[in-house]
Amino acid sequence: IMPWAVLRRDLESCIKGCSACHKSCPVDLELSTGQNAGDCIRCGKCISFCPKSNIHSGIPKLRGNELWLTGLKAAALLGMAFALHAVRFV
């Protein structure tokens, strides 16, 4: 997993008993350890639902759902798909 795709939260800043991130997750993951699991689909719903804006990407000061970062993720995935496609036909 690329470091900018990993979602983290500061557990000490969370509201006690909140679990908004867990309730909003479409794959029913919980950021209880402070970092998301490999099953995370990186949809960003937990980022949007957090009442304290406590969830961010692996890059400091980025929340993870900025438009340019989404474009960067898409470009990286397209690049990897193109590379795999090119390798398959060599």
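- Ile55 approaches Cys46 most closely through the heavy-atom pair CD1-O, 3.4 Å.
- Among all heavy-atom pairs drawn from Pro26 and Lys45, the shortest one is CD-CD, 4.2 Å.
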Quiz: residues 11-22 side-chain donor-acceptor pairs under 3.5 angstrom, not counting sequence neighbours:
{"from": "Ser13", "atom 1": "OG", "to": "Asp10", "atom 2": "OD2", "distance (Å)": "2.8"}
{"from": "His22", "atom 1": "ND1", "to": "Leu29", "atom 2": "O", "distance (Å)": "3.0"}
{"from": "His22", "atom 1": "NE2", "to": "Asp28", "atom 2": "OD1", "distance (Å)": "3.4"}

